Amino acid sequence: MSAPAPRLGRAFLALLRRDLLLTYRHRAEAVNPLFFFVLVVTLFPLGVGADAKLLHAMGPGVVWVAALLAAMLSLDGIFRSDFEDGTLEQLALSAHPLSVLVLAKVIAHWLVTGLPLLLMAPLLGILLSLSGAQTGVLMATLALGTPVLSLVGAIGVALTVGLRRGGVLLSLLVLPLYVPVLIFASNAVQAAGSGLPVSGQLFMLGALLVLALVLTPWPTAAALRISLG
Amino acid sequence: MMNFLHRLASPPHFYRISGRLLPWLGAAFALLLVAGLVGGLYLAPPDYQQGDSFRIMYIHVPSAWMSLFIYMVMAGAGLIVLVWRIKLAELVAVHSAPIGASFTFLALVTGSLWGKPMWGTWWVWDARLTSELILLFLYLGVIGLYNAIEDKRAAARAVAILALVGVVNIPIIHYSVVWWNTLHQGPTVTRFDKPAIATSMLIPLLIMALAFNLYYFIALLMRLRLALLEREAGARWVANLLAEEEA
Amino acid sequence: MSLSEFLHMGGYAPYVWPSYGIAALVLWWNLWVPARRLRQVRARLRRRLRREEASR
């Protein structure tokens, strides 16, 4: 055997750094989901009319549906290239639990796809005539909700990464599981618009996040092992 | 008991025993179905509020129950697949999905047909109908995943994982939809809530539920037999079986 | 209760009978498809068995 494997924490951080670095080298690709997010939100006023009251009522739902779609489009990138060049197989063979390594990859993925959505929120708030308080709540829901999208989506990607045309199937697997996040998040933004308290919804999103953080790495790792054959 | 289960799980035994069982199950199903239909369509009195339209309940409610029950069976079989890798459990998980999807579809269509005279429209975003619709998407995902993966044993294990993820999510989805519904929906929600159901109405419902359960068992057995025969087409027991029948 | 009254379902016939009809169709379809395939597979296997016996 070669030198002893590095400690789990160091392996975790090394993988996180590697994934961030890789995304930085391909940054032109990484911003595409972000443009998609803004584009979808722009299309809605064009489709339903630019009435400020209507936009105010629909805004929270529109932003969140667009966020779901943007998150879904970027999901495939979590494992695709590592699956194709064999890196994933190496990870599966390493001494460390695959579920923890998978978590590092998902967090890296969220940092480059979920976090930018969050930073884009004030701009979208202006476009959809959301109030300042609403934009704040929108950012809070995105901060709590988009990691759940990445974590849950990773299971779907892990199941379909071995397929040549898994894109549409992935959306069928993942979108129904996004329903609770969509409901609580867009409702919080709506409630903030009418001056209602939103702590309940935010607590629910927080609970979903904790649940997803704890539970999803296992099925993701198990699904990856199946896809690797 | 374990010995018996092991023997049952071997393909030739399973094929033989299920073949002998099926006619009896079919007869019991037919009997229950007739009893349930007579009780539900003829003997039960019309509802004082909904008139005869409530008779759709005898299809709608058992279908909705079955749609959830079959998902639970799928997840249970999925757990067995992942822990013990029993082939028969793989087949149960995989071949339950289309039957479960059928019941989900039925629950949706009959819910819509019931909703039209009650609500005045074919569809309302009622909590139960919405959850049922999402359940249908979950089933379609399972079926799509199984069909997409070429290696069928790997596909069955993938389905097992997806079913387990789904079963953890179903309560979360259901309660979030119920919560969403109480915010967005007016008093229409209470229309379906019957405070107390008369015994003459309840008994046919239970009989129909039992009949649908038996039906699931029959449909599953038929699919399992087919899958076994297709998978083991070259095996000796198949040749023996066919030669025996020929003689 | 006469037959026509029964079929009329207190005015709800256009909703009650299609419900039962669709249910019957779906349940029947779910049994018929595997039954038909099972017949086909058995016929195919039987033909193959006979061929093998003839060539022996």
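Lettering of chains follows the sequences in order, A, B, ..., and the numbering in each one begins at 1. Everything quoted here is computed from the prediction, not taken from an experiment.
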Interface check, chain A: of B:Asp151, B:Ile172, B:Val168, B:Leu133, most non-hydrogen pairs under 4.5 Å belong to B:Ile172
With sequence neighbours excluded, give me every side chain to side chain donor-acceptor pair (under 3.5 Å) pair touching residues 214-228 of chain A. none
Interatomic spacing from CG in A:Leu172 to CZ in B:Phe137 - rounded to 0.5 Å: 8.0 Å
State whether the number of non-hydrogen atoms from other residues, nucleotides or ligands found under 6.0 Å of A:Phe36 atom CZ is greater than 12. yes
Per-residue tally against chain B (heavy atom, under 4.5 Å) across A:Leu173, A:Ile183, A:Ile155, A:Leu208 peaks at A:Ile183
Only pairs of heavy atoms separated by less than 4.5 Å count here; which of B:Val142, B:Ile134, B:Leu164 has the most with chain A? B:Ile134
Any chance CZ of B:Phe217 has more than 12 other-residue heavy atoms, nucleotides or ligands included, within less than 6.0 Å? no
Is it the side chain or the backbone of A:Leu211 that comes within 4.5 Å of chain B heavy atoms, both, or neither? side chain
Shortest non-hydrogen separation from B:Leu138 to A:Pro176 and the atoms involved: CD2-CB, 3.8 Å
So if I apply the side chain to side chain contact (heavy atoms under 4.5 Å, CB included) rule between B:Val165 and each of A:Val152, A:Leu159, A:Leu177, which one comes out positive? A:Leu177
Atom OH of B:Tyr175: over 12 foreign heavy atoms under 6.0 Å: no
Nearest 0.5 Å please: distance from the CG atom of B:Leu140 over to the CG atom of A:Leu169. 11.0 Å
Chain A contact via B:Ile161 - side chain, backbone, both or neither, heavy atoms under 4.5 Å: side chain
So, do A:Phe184 and B:Trp179 have ring centers that fall under 6.0 Å from each other? yes
Proximal component of A:Thr160, with respect to chain B [non-hydrogen, under 4.5 Å]: side chain
Step through the shown structure and confirm whether more than 12 heavy atoms of other residues, nucleotides or ligands are within 6.0 Å of CD on A:Glu84. yes
